[in-house]
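The next block holds one structure in the form of structure tokens; read it before the comments.
What you see is a predicted model; the values in this text were computed from it and never measured.
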Amino acid sequence: MADDTYYMKQALMEAQKAAEEGEVPVGAVVVCRDRIIARAHNLTETLTDVTAHAEMQAITAAANALGGKYLNDCTLYVTVEPCVMCAGAIAWAQTRRLVFGAGDEKRGYQKYAPNALHPKTEVVKGVLVDECTRLMKDFFRSKR
């Protein structure tokens, strides 16, 4: 059984893909029964769609893989704390666990809607936080 660090490294690989495509480098993977069933990264620029966050893409792909809308046996790994929109989707999908790396003090759900997740969702924060933070800072530094 792989651990949270392994799966967060997989999400970081997705975030790196996003950065290479000029997208804000957020990556996500969904794991169900020790198997990655969905991988995604931000596609907001590519799709010109403000809802095309990594989490939203991963939730949709996972639901398609499972053939149902609930992710109550799944863990979502994401490199940056979800926004309120994504937290709502995580809640509606009844995701069992949310694991994220870097916090987002400006737009994260904890600031605006700390109770947005499903009450049964377990949250783990700070997995590979340094790597996740560095990727975001390097990306925005390169844009200035």
Side-chain angles (χ1 to χ4, degrees), residues 2-118 121-143:
D3 64 3
D4 289 344
T5 301
Y6 171 81
Y7 291 122
M8 187 60 73
K9 285 179 182 176
Q10 298 298 306
L12 274 164
M13 288 193 293
E14 286 295 321
Q16 187 60 47
K17 288 180 192 175
E20 291 165 4
E21 295 170 12
E23 299 278 357
V24 174
V26 178
V29 297
V30 177
V31 176
C32 188
R33 297 184 187 98
D34 300 322
R35 195 175 118 244
I36 295 174
I37 61 168
R39 298 173 179 270
H41 56 272
N42 273 1
L43 291 171
T44 59
E45 300 299 324
T46 302
L47 299 177
T48 58
D49 179 355
V50 296
T51 69
H53 290 193
E55 301 95 322
M56 302 295 276
Q57 301 298 311
I59 289 167
T60 299
N64 287 336
L66 293 172
K69 61 185 178 180
Y70 296 119
L71 305 181
N72 44 18
D73 288 331
C74 300
T75 299
L76 170 64
Y77 292 86
V78 62
T79 55
V80 178
E81 175 187 347
C83 70
V84 174
M85 172 185 69
C86 292
I90 293 163
W92 283 109
Q94 298 181 17
T95 309
R96 183 173 62 85
R97 290 180 75 228
L98 166 65
V99 179
F100 66 85
D104 186 347
E105 294 177 10
K106 291 182 182 176
R107 296 192 179 239
Y109 80 92
Q110 294 177 107
K111 177 177 181 175
Y112 297 104
N115 298 315
L117 298 177
H118 191 277
T121 300
E122 173 192 343
V123 179
V124 178
K125 307 171 190 177
V127 175
L128 297 180
V129 63
D130 293 339
E131 293 88 334
C132 294
T133 300
R134 186 177 323 109
L135 186 57
M136 290 292 280
K137 285 185 176 181
D138 289 351
F139 176 80
F140 284 110
R141 191 176 300 118
S142 75
K143 295 292 183 189

Side-chain heavy-atom pair Asp34, Tyr7 within 4.5 angstrom cut-off: yes
Value rounded to 0.5 Å, distance of NZ in Lys69 from OG1 in Thr60: 13.5 Å
Criterion side-chain contact (heavy atoms from CB on, under 4.5 Å) on Met8 and Glu131, from CA distance to verdict: CA-CA 10 Å; Met8 187 60 73; Glu131 293 88 334; over 6 Å; no
Distance (rounded to the nearest 0.5 Å) between Met56 CE and Ile90 CD1: 9.0 Å
side-chain contact (heavy atoms from CB on, under 4.5 Å) between Glu55 and Cys83, intermediate numbers included: CA-CA 9 Å; Glu55 301 95 322; Cys83 70; 5.9 Å; no
Thr95 (side chain) donor-acceptor with Leu71 (main chain) under 3.5 angstrom: no
Side-chain heavy atoms of Leu76 within contact of Pro82, under 4.5 Å: no
Which donor-acceptor pairs under 3.5 Å do the side chains of residues 16-27 make with protein atoms, sequence neighbours left out?
| unit_1 | atom_1 | unit_2 | atom_2 | d |
| --- | --- | --- | --- | --- |
| Lys17 | NZ | Glu14 | OE2 | 3.1 |
| Glu21 | OE1 | His41 | NE2 | 3.0 |
| Glu21 | OE2 | His41 | NE2 | 3.4 |
| Glu23 | OE1 | Thr44 | N | 3.1 |
| Glu23 | OE1 | Thr44 | OG1 | 3.4 |
| Glu23 | OE1 | Glu45 | N | 3.0 |
| Glu23 | OE2 | Glu45 | N | 3.1 |
| Glu23 | OE2 | Thr46 | N | 2.6 |
| Glu23 | OE2 | Thr46 | OG1 | 2.7 |

Heavy-atom pair with the smallest gap, counting every atom of Thr79 and Cys132: O-CB, 3.3 Å
Exercise: identify the closest heavy-atom pair between Gln57 and Ala40: CB-CB, 3.5 Å
Mutual orientation of the aromatic rings belonging to Phe100 and Tyr109 [parallel < 30°, tilted 30-60°, perpendicular > 60°]: perpendicular
Arg33 versus Asp73, closest heavy-atom pair with distance: NH2-OD2, 3.0 Å
From CG (Leu135) to CG (Asp130), nearest 0.5 Å: 12.5 Å
Rounded distance [0.5 Å steps], NE2 in His53 versus CD1 in Ile59: 11.5 Å
Approximate separation, where rounding is to 0.5 Å, of Asp104 CG and Tyr112 OH: 8.5 Å
For the student: nearest non-hydrogen atoms of Asn42 and Ala54, plus distance: OD1-N, 2.8 Å
Residue pair Cys74 / Leu66: nearest heavy atoms and the distance that separates them: SG-CD1, 3.8 Å
Heavy-atom donor-acceptor pair, Tyr77 side chain to Thr5 backbone, under 3.5 Å: no
Closest non-hydrogen atom pair between Ala58 and Ala38, with its separation: O-CB, 3.5 Å
Reported NE2-to-CZ distance for the pair His118 and Arg96, which is rounded to 0.5 angstrom: 13.5 Å
Stepwise side-chain contact (heavy atoms from CB on, under 4.5 Å) check, Val78 with Cys86: CA-CA 11 Å; Val78 62; Cys86 292; over 6 Å; no
